2 protein chains.
Amino acid sequence: MILYGYWRSTSSYRVRIALALKGLAYEAREVDLRHDAQSDPAYLRINPQGRVPLLIDGDVTIGQSLAIIEYLDEVYPAPALLPANPSARARVRQAAQIIACDIQPHGNLAVLRRLTSQFGADQAGTDAWAAHWIALGFAALEAMATATGPYLFGAEVTLADVCLVPQIYNARRFGVDLSPFGLLVAADAALRQLDAFDAARPEAQPQTS
Amino acid sequence: MILYGYWRSTSSYRVRIALALKGLAYEAREVDLRHDAQSDPAYLRINPQGRVPLLIDGDVTIGQSLAIIEYLDEVYPAPALLPANPSARARVRQAAQIIACDIQPHGNLAVLRRLTSQFGADQAGTDAWAAHWIALGFAALEAMATATGPYLFGAEVTLADVCLVPQIYNARRFGVDLSPFGLLVAADAALRQLDAFDAARPEAQPQTS
């Protein structure tokens, strides 16, 4: 398997966690978003959308982090990242999508750059923009989380946890006040104790700089 | 079943299509986003996130349109909205997520209002913002679509088609030039011939105004 990603991209980070939880070996290929490597013609031939992450598993090529993780969960089912019960699966997917659809898109580097080029936003403005959507989404997640922990929905690690840890990492980068989100902060701390989450963190990647 | 939605919300529109394709009856409850009905305390008790759509199926309550549709597909499997093969499922989910994660969040009413309140964007500015992300995402989808049609990935209607038609509807509202996206426009036209897509369209909803 080959994973094209970027060490600080939260959606790449999600896929690294899922691969590590399942004990799957892969070759990591770094796409440096700060230097627009995602727009290199060579990369666009592999992924016409010019985004990360992208997973290649034999003759299967998949973009979009949640699609990649659902694929991994179907083809390499242990440990499962979704519960067996449809309503419990729905709750986990809902939480994952609050992060993937309502938070992360607004903190994407391309989006922040566009705020600057189109509306003249400065660094403080783009930071406040990203922080606004993080706080709104985290409030929704905090209302959904299981009060007893240790993880978002109890004792099993799910797709929602796989999305939570990278987004908390990102929230800290943007200086978001996490004090209203006690359950999320506690789940994040418990998850980061796990080897798979530790191996997947941005600073543990070889290309970090 | 009860579906809380808004006639013009593209994510509500996706769920209406899925329900209609599966022949599931439901009570539609309109949440008028233009008048901030999603922030009414009575609605927030039902959905703390204050978003639409929200599906109630017996004692199961689900937010986030893709989580709702995957739940429907698991509990009411005919007709299936995802193929059986994991790599084909991944391709369909990838396409759906290009719309749900890379396009729709940037055209959300709350996001456009925030561009105005935070950066002083005028109507032309917010229209251009939404159109920019639609064009980028549609270019990626066009590169993925099956050239022979009639739908995005061949003869079976999938979750990707369920997301495509509302997004094309929305693109037309924003005046996006669709001429570079011939496969998407053709798939949209073919899909709108189907009764389920016709019944789900915004102008066919009772509360339209």
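The structure displayed is predicted, hence computed values, not measured ones.
Residue Arg89(A) holds its CZ atom at 12.0 Å from CD1 of Ile62(B), rounded to the nearest 0.5 Å.
Per-residue counts of heavy-atom pairs under 4.5 Å with chain B were compared for His106(A), Gln104(A), Met144(A); the largest is that of His106(A). Note on Ser65(B), Ala140(B), Ala139(B): by heavy-atom pairs under 4.5 Å with chain A, the leading option is Ala140(B). Note on Ile98(B), Asn47(B), Asn108(B), Asp57(B): by heavy-atom pairs under 4.5 Å with chain A, the leading option is Ile98(B). Highest contact tally toward chain A, considering only Leu141(B), Leu66(B), Thr61(B), Ile68(B), is held by Leu66(B) [criterion: heavy-atom pairs under 4.5 Å].
In this structure, Cys101(B) and Pro105(A) approach most closely via the heavy-atom pair O-CG, 3.3 Å. Of all heavy-atom pairs between Phe119(B) and Ala121(A), the closest is CE2-CB, 3.4 Å.
Residue Ala96(B): no heavy atom, backbone or side chain, is found under 4.5 Å from chain A. With a 4.5 Å cut-off on non-hydrogen atoms, Gln118(B) touches chain A through its side chain but not through its backbone. Only the side chain of Trp133(B) comes within contact range of chain A, with at least one heavy atom under 4.5 Å from a heavy atom of that chain. For a residue to count as touching a neighbouring chain, one of its non-hydrogen atoms must lie under 4.5 Å from one of that chain's; by this rule Leu136(A) does not touch chain B. If you measure heavy-atom distances from Val92(A) to chain B, you find no contacts under 4.5 Å at all. For Pro86(B), the parts sitting under 4.5 Å from any heavy atom of chain A are the backbone and the side chain alike. Ala90(B) touches chain A through backbone and side chain together, each having a heavy atom under 4.5 Å away. Of the two parts of Leu115(B), the backbone and the side chain both hold a non-hydrogen atom closer than 4.5 Å to a non-hydrogen atom of chain A. Neither the backbone nor the side chain of Arg91(B) comes within contact range of chain A; no heavy atom of the residue lies under 4.5 Å from a heavy atom of that chain. Heavy atoms of Gln97(B) lying under 4.5 Å from chain A belong to its backbone as well as its side chain.
For Glu156(B), the CD atom is loosely surrounded, since the number of other residues' heavy atoms within 6.0 Å does not exceed 12.
Residues Arg114(B) and Trp129(A) are in side-chain contact: their nearest non-hydrogen atoms beyond the backbone lie under 4.5 Å apart.
Under the 3.5 Å distance criterion, the side-chain polar atoms of Gln94(A) are matched with a main-chain donor or acceptor of Gly63(B).
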Chi angles and distances behind the side-chain contact (heavy atoms from CB on, under 4.5 Å) call for Arg51(A), Asp102(B): CA-CA 10 Å; Arg51(A) 293 229 177 194; Asp102(B) 294 342; 3.3 Å; yes
